[in-house]
Structure formats: C-alpha cells, structure tokens
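To keep things clear, I will list the structure first and then write my remarks on it.
Protein chains get the first letters and strands the later ones, always in sequence-line order, with residue 1 at the start of each.
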2 protein chains.
Amino acid sequence: MAGSTEVYRASATAPVNIAVIKYWGKRDAVLNLPTNSSLSVTLSQSSLRAYTTASCSPTYPAEAGDTLTLNSKPQDIQASKRTLACLSDLRALRRNLENANPSLPKLSACPLRIVSENNFPTAAGLASSAAGFAALVRAIANLYELPQSASDLSRIARQGSGSACRSMMGGYVAWRTGVLEDGSDSLAEEVAPASHWPEMRALILVVSDVKKDVPSTTGMQATVATSALFPTRAETVVPARMTAIETAIINRDFPAFAEITMRDSNNFHATNLDTWPPTFYLNDVSRAAIRLVHDINRAAGETICAYTFDAGPNAVIYYLEKESERVIGTFRSILKAETQGWDGVFGDAVKHIKSGIALENLDSRAVGGLREGINTVILTGVGEGPLKVDKHLVSEAGEILDRAI
Amino acid sequence: MAGSTEVYRASATAPVNIAVIKYWGKRDAVLNLPTNSSLSVTLSQSSLRAYTTASCSPTYPAEAGDTLTLNSKPQDIQASKRTLACLSDLRALRRNLENANPSLPKLSACPLRIVSENNFPTAAGLASSAAGFAALVRAIANLYELPQSASDLSRIARQGSGSACRSMMGGYVAWRTGVLEDGSDSLAEEVAPASHWPEMRALILVVSDVKKDVPSTTGMQATVATSALFPTRAETVVPARMTAIETAIINRDFPAFAEITMRDSNNFHATNLDTWPPTFYLNDVSRAAIRLVHDINRAAGETICAYTFDAGPNAVIYYLEKESERVIGTFRSILKAETQGWDGVFGDAVKHIKSGIALENLDSRAVGGLREGINTVILTGVGEGPLKVDKHLVSEAGEILDRAI
C-alpha cells in the first residue's frame with residue numbers, strides 16, 4: 001500500500017442498488033435516519049459502478065486539507081456536510097487503530113486525496129450518490145485498513161446518502177430503520193447474497209427528455225410534512241411488506257417478490273401525489289411501462305416481470321433469467337431497433353432474442369407510448385458488493401490520473 | 001298535467017355537479033352507499049343539463065311496460081337495476097298518495113314513458129349519469145306530484161347513480177355517508193345555496209384523445225378492495241376535510257376552499273395509484289394543468305384558482321368571478337386561439353379578457369403540454385338545482401318528440 005514517496009493508496013468500486021421497498025422520508029435529516037426500513041437489489045458492477053481511489057500522504061499539503069475530484073472535476077468538500085461526516089467518522093476509526101497500535105503509520109493525520117469516477121450514462125437520471133458514497137467509504141476503509149464489517153461501515157455510508165448504506169453489500173440488502181436516536185442501529189444487513197438468487201435480472205428503461213422537478217431530499221421531506229397518507233405507509237404498509245418480501249427472497253418466490261415490488265412502488269408514488277403541492281415522478285411513458293408489465297404478466301398467465309420506479313420516470317423491470325425470451329423479447333420488439341444499451345455482459349446472453357409475447361396481446365397505446373419515450377436501456381442483474389481494485393486513480397507520486405478507468 | 005287523451009306529463013332539467021371532496025368507494029353496491037361523505041358544487045344548467053320528460057297514461061300498452069328513450073335511443077330498462085330501483089321507489093310513493101286519497105288518478109298503475117336528452121359535448125368524457133338520474137327522479141316526482149323534499153328524493157336518485165343525489169339540489173351540496181344499513185340516512189343536504197356564494201366559476205379543460213381505462217364503479221371497488229392507503233382516506237382524511245370545507249364555504253373563504261379541493265383531488269388519485277393493479281385517471285396533460293394552477297397561484301401571490309379531477313383527465317378549475325382576468329386571461333393566452341367553448345352565458349362576461357399572468361412566470365413545459373392537449377373548454381359556474389320545465393319531450397298524444405330541446 002505504501003508508495004515509494006509515502007503516498008498510501010487504496011481503490012474500490014461500488015454498485016448501484018434499486019430498492020423494491022422504497023426509502024422515502026427522514027426522521028433525522030442530519031444523521032440520515034429513515035422513517036421506514038427499505039430493501040434493495042444490488043446491481044452488477046459490470047454495468048454500473050462508481051470507482052474511487054482514496055489516497056493520503058504526509059507529503060500532501062496540509063493547507064489544502066482533504067480533496068475530492070469527481071468525474072475529473074474538483075469538488076468543494078467543505079460545502080458537503082455529508083462528505084465531511086463520512087470522512088470524520090472513518091478518520092476516527094483509523095485514529096482508534098493507531099492509538100491501539102503505535103507502530104501503525106499515522107494516516108489519520110494526513111490529508112486525503114480522493115478521486116472518483118462513475119460510468120453511468122449521462123442524462124440517464126440514475127442516482128449516482130448511493131454508489132458514489134459506498135465507493136468512497138469502502139476505499140477509505142481499505143486505505144485505513146479498518147476491520148469493521150460492511151454492515152458497520154454502512155452506518156457511515158448512510159450519512160453520505162441514505163441509500164448508499166445498501167450499496168455496501170451485494171445481493172439482497174435491507175436497511176433497518178433502527179430505533180436509537182444516535183442512528184447506530186440504522187444500518188444495512190444482507191438478507192441474501194447474490195449467489196442465493198443469482199438469476200435476478202434488471203432491465204432499466206431510460207426515459208428520454210427527463211426533467212426532474214423536485215430533488216429527492218426536498219421531495220421526501222415535503223411528503224413527510226404534508227401527506228395525509230404517508231404515516232400509514234411508514235407505520236403500517238412498509239413493515240408488513242418488509243417481512244413479506246424477505247420471505248419471498250428467501251424462498252426465491254418471484255411472483256410474490258414481483259407483486260410486493262410493484263405495489264410498493266405504486267404506494268410510494270401515491271404518497272408523492274398526496275404531497276402538498278403534489279410531486280410527480282411518473283409520466284405517461286412510465287405509465288405505459290406499468291401498463292405493459294401488467295399486460296405481459298396477464299398474457300403470460302403468470303407473473304414474470306415487475307416494475308419499480310425511483311424518484312424519476314425511468315422504469316426498472318425485474319425478471320428472472322429463464323424468462324428472458326418472454327420479457328426481453330417483448331420489450332425488444334416494442335422498442336425502436338436503434339435503442340441503445342442492449343450490449344454488455346448481460347446483453348450478450350440475450351442477443352439472439354428478438355421477439356417475445358405477441359404485441360397484439362398488449363395495449364397498443366402503451367406500446368406506442370413506450371416506443372416513443374425510450375431510446376436507451378441498461379440490461380443488468382443482481383451483483384456483488386463493493387470490490388477492492390488494484391488500479392488506482394492516483395499515481396504513486398500522488399498525481400491525479402485522468403479518467404483511468 | 002292531464003292531457004286530452006289522458007296522457008300525464010311532467011318535465012325537469014337537472015345539473016351536473018363536480019365534487020370537491022370526492023366520492024370513491026361503496027360500502028353497499030346495491031344501495032349505492034358510499035364509504036365516505038362527499039361534497040360538490042352544482043354547475044349551472046345554462047351550460048350542461050339533462051332534460052327529462054316523464055309521462056304516463058292508461059292508454060300506454062301495458063305489455064311494453066315502462067320505457068326510457070335516452071338521446072333518441074330506446075333503452076333496455078329491464079337491464080338497468082339502478083333505473084328499476086328508482087322507478088319502483090317513486091311508484092311506491094305515488095301509491096301511498098293514491099291510497100291516502102282515492103280521488104287521485106291511479107298513475108302508479110300506468111306504464112311510464114320517459115324521454116331524456118342531455119346537451120353534453122360528445123367525447124367530453126363528462127359523467128352524465130348524475131344529471132341524468134337527477135332529472136329522471138325530479139321529472140317523475142313532478143309527474144306523481146310527490147310532496148317529498150329534494151333531500152328525501154336524493155335517496156332515490158342515489159340508487160340510480162351515487163353522485164346523482166348531489167344533483168338534486170343547487171349550490172354547495174354534501175352527501176352524508178350515513179350509518180344505517182338500509183341507507184335511509186345516506187342522502188344529500190344543502191350546505192349553502194348558490195346565492196350564498198354565487199361568484200364561484202368553473203372552467204372545465206376537456207382533454208383531447210381520452211380513453212378511459214377503468215369505469216368508475218369497477219375502479220372504486222378495486223380501490224376499496226386493494227389499496228392499503230384507502231382506509232386512511234375514508235376514515236380519517238375525508239371526515240376532517242368535510243368539516244373544514246363546509247366552514248370554508250360558509251365563510252366564503254376561497255383560499256381554504258381551494259386548498260382542500262386540490263388536496264382532496266390529489267388524495268383521491270393517490271388511492272387510485274395505490275390500487276392493485278393501479279388505475280390512472282390523470283395523464284401528462286392533467287399534470288400540466290396541476291402545475292399551471294400552482295404556478296398561477298404562486299405568481300399571483302395568493303390562491304386564486306383550484307383544480308380538481310374526477311375519474312378522468314379533464315381538469316375542472318374553480319375560481320371566483322373577480323379573478324376572471326388573472327385566471328381566464330392566463331388560460332386563454334396558454335390555449336390555442338381556436339379552442340372551442342369560450343361562448344355561452346359565462347363566456348360573454350369574459351369575452352374581452354385575452355391575457356392574464358405573464359406566461360414567463362409559468363413552467364414552459366406545462367404551458368406547452370396544456371396547449372397541445374386541450375381543444376375544448378366549458379366555462380360555467382355554480383348554479384341551481386333541478387328545474388321544472390313546461391316544454392315536454394312527449395306530445396299530448398304520448399308520442400316521443402325527437403330532440404325537442
């Protein structure tokens with residue numbers, strides 16, 4: 001880890017996760033404590049990932065302090081309380097190690113130089129903060145050689161971005177709301193590893209022409225403050241669904257998993273519509289996707305795919321690999337031939353599939369609406385948690401390497 | 001009332017009403033008993049009305065039974081349990097009168113010949129059943145010279161179509177859910193007559209290209225059966241809002257009336273989104289209207305207009321006459337010059353108004369969306385309840401007169 005010029009480096013990649021029980025609403029905005037538990041599927045880093053190198057050195061100028069470069073752009077780290085909270089907690093853990101073992105290099109005293117890149121398609125409207133903070137926390141924990149578990153570290157990532165705590169591990173991950181005021185029991189837990197149910201796939205339909213009206217943090221706090229229906233969601237609906245979907249995952253029961261996922265997405269967006277003034281993240285293209293998933297399942301005579309929508313119009317369609325023909329085939333025949341994004345690791349396996357359920361079984365207006373509204377897809381699946389990588393975005397001499405990934 | 005050939009006739013017109021606290025969900029589908037109370041504004045019959053002549057005669061062939069002609073088309077009255085329930089109750093009330101006073105003609109023993117027309121723009125997607133059943137009940141009650149009050153008769157109209165009970169009177173009308181199993185206390189009551197707050201106006205934005213996915217009766221019962229949020233609406237949200245909006249009406253407090261109206265529309269549509277599978281009545285044009293109303297109110301610095309949406313995408317915009325310049329002026333400058341429907345009684349008063357709030361204060365995408373999605377408006381206002389009219393749709397000889405209104 002030590003470079004020839006006393007530059008210490010460690011790098012990690014971290015995944016995106018897409019919730020099937022949605023996080024929406026903070027009971028503590030500083031500690032990022034949620035009003036309800038949530039559950040997500042970690043998506044493969046072969047498609048989407050944040051890549052972060054954490055480095056530190058006594059040779060870095062102390063007056064510059066910690067620095068962060070994101071997608072080649074220097075960030076004002078002092079302006080981000082959330083980033084500062086993560087760095088402060090990680091440094092404290094390192095200091096504990098150093099205090100316990102004086103032979104360790106005093107990395108906690110060195111300025112950090114952090115460089116991060118992500119490979120998300122621009123304008124995809126995909127929340128990059130979860131993967132970004134997970135990669136940052138994982139890279140610094142690696143740099144500091146922290147012994148804490150992923151679940152322990154998820155508490156720190158949570159302070160960066162709530163859903164980042166779920167990107168600290170792979171597979172099927174629950175974020176427990178916790179009850180303690182200091183948030184120490186509000187952390188991510190693995191419900192099942194990716195290997196338990198590796199057949200899970202996700203087709204992301206990226207809606208063109210997106211303009212996000214209301215940022216998530218503003219939107220969720222407006223919902224908590226004004227929706228007459230939100231308390232029922234947080235107190236009654238979500239706790240029951242958390243139990244039910246964990247059972248569905250343990251049993252690899254896709255129809256149950258799918259129905260809970262779709263109902264929870266609808267329930268979450270219902271509380272947005274009930275917010276004052278109302279917030280809308282779904283548009284007519286989103287609605288076309290919802291209609292088509294219901295039509296596909298009806299035509300199939302069983303539940304073979306499920307939609308979910310975060311705070312934006314993009315649809316994420318979960319399905320099992322064995323249903324690629326009927327799910328991917330159908331969406332492929334609906335979408336324009338020039339649609340981008342069918343390539344990649346998961347795309348190779350479905351290259352030969354051109355058709356699925358006959359389009360005459362589907363609502364023709366929804367078919368037309370989806371075709372017009374989608375130009376890009378991302379085909380991916382369940383994947384692993386953050387990975388340690390050996391190629392760094394900072395040179396042995398401490399120089400930032402531009403776009404090395 | 002008696003014609004020369006013993007044909008008895010009576011005619012009535014009845015209004016449309018647009019709820020500000022929505023009726024959605026039946027606790028008894030046969031008696032049409034609602035899960036929650038609702039409240040509406042009766043709209044002027046100078047714009048929209050159902051026109052019905054009820055006639056009966058011992059000369060009408062008994063074997064044909066009661067007959068109904070609607071918009072010049074004979075209806076299969078036996079197929080409509082709802083119509084049969086109304087006729088049966090009205091005939092029973094007449095029979096009581098005849099039993100008490102043997103000198104009365106035995107109209108209850110004669111077949112009914114009912115002819116009804118409405119003047120609603122075709123394809124406007126406006127629910128005509130409320131006005132239709134109110135006109136039918138009022139016309140037959142007139143024919144039978146029933147002494148019952150409008151509130152008493154609203155119980156009967158309710159069995160035809162739930163919201164028809166609110167069209168039995170003018171102004172601001174509450175439909176009390178009631179608690180009795182036989183539904184006898186589930187009826188309409190006047191909260192305030194039209195004369196109490198006559199300045200209320202309604203601009204209906206008729207969304208083009210409407211295809212209604214789910215009929216109201218099916219949709220509402222799906223919501224009751226499947227939405228996790230619906231019980232909160234029916235048990236908690238609506239009762240509080242009923243009290244609050246009645247106070248707002250009594251005090252002629254438009255900002256309070258407007259906010260409750262908008263929040264209740266959003267809350268109602270939220271429970272539809274939470275229905276399984278979800279039902280959507282709002283589309284991107286509806287959302288543009290919502291956005292613009294919020295933008296207009298923000299630009300005005302006060303709440304001068306309110307939206308509400310029934311089970312369809314058409315927006316009804318309530319505002320007070322004194323705000324015609326800012327409300328109608330703004331919508332006029334947003335919509336295409338060739339938009340239909342600015343004429344009529346209420347249109348004459350705003351003919352000179354061409355502009356309102358400057359469009360640069362409004363979301364440009366919403367302006368474009370509304371402009372593209374609306375070709376027809378209906379400009380109307382609060383109005384009176386059913387009216388007795390002397391021109392009949394059945395001749396003295398009992399012949400059906402085609403399109404007499």
Determine all donor-acceptor pairs shorter than 3.5 Å in which one atom belongs to a side chain in residues 272-280 of chain B; sequence neighbours excluded.
{"unit_1": "N272(B)", "atom_1": "OD1", "unit_2": "W24(B)", "atom_2": "NE1", "d": "3.3"}
{"unit_1": "N272(B)", "atom_1": "OD1", "unit_2": "T223(B)", "atom_2": "OG1", "d": "3.4"}
{"unit_1": "N272(B)", "atom_1": "OD1", "unit_2": "T279(B)", "atom_2": "OG1", "d": "3.3"}
{"unit_1": "N272(B)", "atom_1": "ND2", "unit_2": "F268(B)", "atom_2": "O", "d": "3.3"}
{"unit_1": "D274(B)", "atom_1": "OD1", "unit_2": "N267(A)", "atom_2": "ND2", "d": "2.8"}
{"unit_1": "D274(B)", "atom_1": "OD2", "unit_2": "S227(B)", "atom_2": "OG", "d": "2.7"}
{"unit_1": "D274(B)", "atom_1": "OD2", "unit_2": "A228(B)", "atom_2": "N", "d": "2.9"}
{"unit_1": "D274(B)", "atom_1": "OD2", "unit_2": "L229(B)", "atom_2": "N", "d": "3.0"}
{"unit_1": "T275(B)", "atom_1": "OG1", "unit_2": "T223(B)", "atom_2": "OG1", "d": "2.8"}
{"unit_1": "T275(B)", "atom_1": "OG1", "unit_2": "T271(B)", "atom_2": "O", "d": "2.7"}
{"unit_1": "T275(B)", "atom_1": "OG1", "unit_2": "N272(B)", "atom_2": "O", "d": "3.3"}
{"unit_1": "T279(B)", "atom_1": "OG1", "unit_2": "N272(B)", "atom_2": "O", "d": "3.3"}

| Do S324(B) and R201(B) get their side chains close enough for a donor-acceptor pair, meaning under 3.5 Å? | no
| query | Do any N or O atoms from the side chain of N17(B) and from the backbone of V41(B) form a donor-acceptor pair under 3.5 angstrom? | reply | no
| request: Tell me, for S265(B) versus chain A, whether the close heavy atoms (under 4.5 Å) come from the side chain, the backbone, both or neither. | output: neither
| task | Salt-bridge test for R291(A) and D284(A): reply yes if a basic N is under 4.0 Å from a carboxylate O, no otherwise. | result | no
| query | Would you call I328(A) and Y319(A) a side-chain contact if the rule is heavy atoms closer than 4.5 Å? | reply | yes
| query | Around E302(B), counting heavy atoms of other residues, nucleotides and ligands shown, do more than 12 lie under 6.0 Å from its CD? | reply | yes
| field | D264(A), T261(A), N36(A), D310(A) screened by side chain to side chain donor-acceptor pair (under 3.5 Å) with K22(A), the one that passes | value | D310(A)
| message | If you count heavy-atom pairs within less than 4.5 Å of chain B, which of M262(A), H294(A), H269(A), R263(A) leads? | response | R263(A)
| field | Residue-level contacts of residues 235-252 of chain A with chain B, using a heavy-atom cutoff under 4.5 Å | value | V237(A), R241(A)
